[in-house]
Number of protein chains: 2
Amino acid sequence: MKTKSSNGGGLAKSLDGATKSVTMREVAQAAGVSVKTVSNVVNDYEHVSEATRRKVNTAIEKLGYVVNVSARNLRLGQTGVISLVIPDLQLPYFAQLSSLVIGEAKKLGLHVIVEPTLYSREGEIDALHGSRQNLFDGVIFSPLELGQEDVDQLKVDYPLVLIGERIFTNTVDHVATENVEGAKRATSYLIQSGCRRVAVLGVHPGEKVGSAGLRFQGYREALEENGIEFDERLVAPAGMWHRVDGVNAMNELLDGDARPDGVVALNDMLASGAMHAIQMRGLKVPDDISVIGFDNSDDSQYLSPPLSSIAPGLEAVARLSVRVLRDRIDGKTDVLGVGPGRHVFRKVSSALVVRGSTKPLE
Amino acid sequence: MKTKSSNGGGLAKSLDGATKSVTMREVAQAAGVSVKTVSNVVNDYEHVSEATRRKVNTAIEKLGYVVNVSARNLRLGQTGVISLVIPDLQLPYFAQLSSLVIGEAKKLGLHVIVEPTLYSREGEIDALHGSRQNLFDGVIFSPLELGQEDVDQLKVDYPLVLIGERIFTNTVDHVATENVEGAKRATSYLIQSGCRRVAVLGVHPGEKVGSAGLRFQGYREALEENGIEFDERLVAPAGMWHRVDGVNAMNELLDGDARPDGVVALNDMLASGAMHAIQMRGLKVPDDISVIGFDNSDDSQYLSPPLSSIAPGLEAVARLSVRVLRDRIDGKTDVLGVGPGRHVFRKVSSALVVRGSTKPLE
DNA sequence: TTGTAAGCGTTATCAT
DNA sequence: ATGATAACGCTTACAA
């Protein structure tokens, strides 16, 4: 752990000259070699004799040298930092995504700056076009306010990876999740486990693209495929997807004249609220009503009973988007098997995670 | 929105020469002035005539000039980026903290790189001493694994602000929250609203420092002050603080021979679980048992009934820690009224947010 | 295998 | 109020 005062490899020196940082030149001098040689050692250049390498490393160690990233960045024209633009870091879904992206980036030696746009259209546009310094080598963008009609906003002159289901275009690399398929899978599972009156919670009437629209579409497709007639009375809209919205929507459903025996909630918060409403009436989950959620958020396993949910594969979203971005930054022409001039589009598979809130298959 | 192809003020140019970035020199040439003048305009230097300013700005606009941050950083010896080291971005508490820190930093023109240490001692030490490039001007550190015995780890040669209650020392700037006082306030409130058998949920037996230990201490102090005898049977330990732990702990309490009429849960997840367990038995919150939580997490308002909770003042924590860090980076000698050579210690006030899970005061 | 030297795009010190 | 010019610390042709 070195001496007590010269703690580890220091970070930035504060400008007030508190710590005068050691330069390559000084290391070179101390080691009796040229700057180039030090640079070679630092960057693991192959053709360096063992002897010199050792000499240099000793000097580096002794002086506590740390490479100056700003200088390197300036020289290289890159910063090693990417930006992740999301609506709200406080939503579990995006917190999880951010966490995964940070982890993936770390593996590739990249740092991540998270930029929450806080449900503001301005914020999203600013994150894309603002005089955000060229601090970032590239951006991963998850729009919420911007929609299909804003597709031109995505035509930027730096590496950009789009995620989510708000906008579809072939002018940028895009990693999406299986919303339709996921909801379809959830609905089918309920039907196959014996439910006949499957309700859907959290619908945004009229929405086509976007999570709500796509998931609702999956619900309808599943009904059709299973030969079950669509019943408008089993559709519970909810603008927001908080727990309380699930409680309210579920209560309306229970007060209605078409009591469901299964519920597909369009996210886990809604599902949690729905379970609460059901249980408050003395009904049992899943015996009286099965409930299934979407997102497989961290908490879903801690509900009582633990919530069955669709896992959208955020790990894959994080992994793919970071890798694609890195390849673009590196100027690779072939990214994920897609040739020059063309853009990546990948839909990440979702998976059903079965827990206690649904009945076993018949 | 400019021309379609030259989209807004671009970010980094990818290294592969895709976009050759515009330099100050070129702007100077186009505007017919010197580089220094352009720099003056860009940095809002006072003594620039309106005419020149306009000329320069026009040129900047036309060429789409964006300042090169790397060059500026190199020159200034600062990066404008701070690091926020936290245990886990997926915990609502830290997601909220991160969100607030990012917001505060933005106000001061700083960017934040969030570094989750994922419950690893190694990770925390690495975040402090690792050859983290001098990418950061300073660090805000919220330890979880490191404890009082690791206080020497905090002796670093760059600006560092400690947050949380794991470590106390006067060798670094520290922003803490009122754990003892908050729990005391919560407990007293229950007592004053008529509860006589107040249980506490989520205790870590033997812990002194750390949220659990301090909050439990507050609970005991409140009992004492209100002349209520401490009853070991009303203490429900829980190693983890997930919802399911709250359910389990509450059930044990309800199965015990000392039925509580009030519950202080050491965080909101535990409280949520406790309410569930209570309600599953057909008991009413707050009529039969009052429940109060800690953290005032975003979800607490969406529970049924909405959860009364202690708001630890994370906004203030974020604001203070970012400002202190910025002042240290700027080399200010007087920070928050504390003179040179001394360190800031601030305890942020907590507040009780009363909602529906507790009875009104008598 | 290693050394020399020319920038990368800023900011800041002088002059003027 | 503005201009010429020297750093900032690094990478990399090009030379040796």
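By convention in this document, chain letters (A, B, ...) are assigned in the order of the sequence lines, proteins followed by strands, and residues within each chain are numbered from 1.
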OP1 or OP2 of [N] sitting under 4.0 Å from any side-chain N/O of [X]?
{"X": "B/N73", "N": "D/dC8", "result": "no"}
{"X": "B/Y65", "N": "C/dT10", "result": "yes"}
{"X": "B/S39", "N": "C/dT10", "result": "no"}

[X] [atom1] - [N] [atom2] separation (whole Å):
{"X": "A/K55", "N": "C/dG3", "atom1": "NZ", "atom2": "C1'", "value": "13 Å"}
{"X": "B/N68", "N": "D/dC8", "atom1": "CG", "atom2": "P", "value": "18 Å"}
{"X": "A/Q29", "N": "D/dC10", "atom1": "CD", "atom2": "P", "value": "14 Å"}
{"X": "B/N40", "N": "D/dT5", "atom1": "CG", "atom2": "P", "value": "17 Å"}
{"X": "B/E26", "N": "C/dC8", "atom1": "CD", "atom2": "C1'", "value": "13 Å"}
{"X": "B/R25", "N": "C/dG7", "atom1": "CZ", "atom2": "P", "value": "11 Å"}

Residue [X], side-chain atoms from C-beta onward, closest of [options]:
{"X": "B/R75", "options": "C/dA12, C/dT1, D/dT12", "result": "C/dA12"}
{"X": "B/M24", "options": "C/dT10, C/dT2, D/dC10", "result": "C/dT10"}
{"X": "A/T23", "options": "D/dT2, D/dC10, C/dT10", "result": "D/dC10"}

With heavy atoms under 4.0 Å as the rule, sort [X] into base, sugar-phosphate or nothing.
{"X": "A/V48", "answer": "sugar-phosphate"}
{"X": "A/V33", "answer": "sugar-phosphate"}
{"X": "B/T52", "answer": "sugar-phosphate"}

Requested in this report: Take B/L74 and A/K36, find for each the nucleotide of DNA chain D with the closest heavy atom, and name the residue whose nucleotide sits nearer the 5' end.
Outcome: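 Looking at the nearest nucleotide for each, B/L74 comes out on the 5' side.
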Query raised in the report: Taking for each residue the nucleotide of DNA chain C bearing the nearest heavy atom, is the 5' side occupied by B/V35 or by A/S34?
Result: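 Mapping each residue to its closest nucleotide by heavy atoms, the 5'-most match is A/S34.
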Query - B/F345 ring center near B/H343 ring center (under 6.0 Å) - result: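 They do not qualify: ring centres at least 6.0 Å apart.
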Query - Name of the residue among B/V101, B/I82, B/I102 meeting side-chain contact (heavy atoms from CB on, under 4.5 Å) with B/L110 - result: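 Exactly one option meets the side-chain contact (heavy atoms from CB on, under 4.5 Å) with B/L110, and it is B/I82.
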Query raised in the report: Considering only heavy atoms and no angle criterion, is a donor-acceptor pair shorter than 3.5 Å present between the side chain of B/R72 and the base of C/dT10?
Result: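 No, the side chain and the base share no sub-3.5 Å donor-acceptor pair.
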Query - Under 3.5 Å: donor-acceptor pair, side chain of A/D150, backbone of A/L146 - result: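 The answer is no, because no donor-acceptor pair under 3.5 Å joins these two groups.
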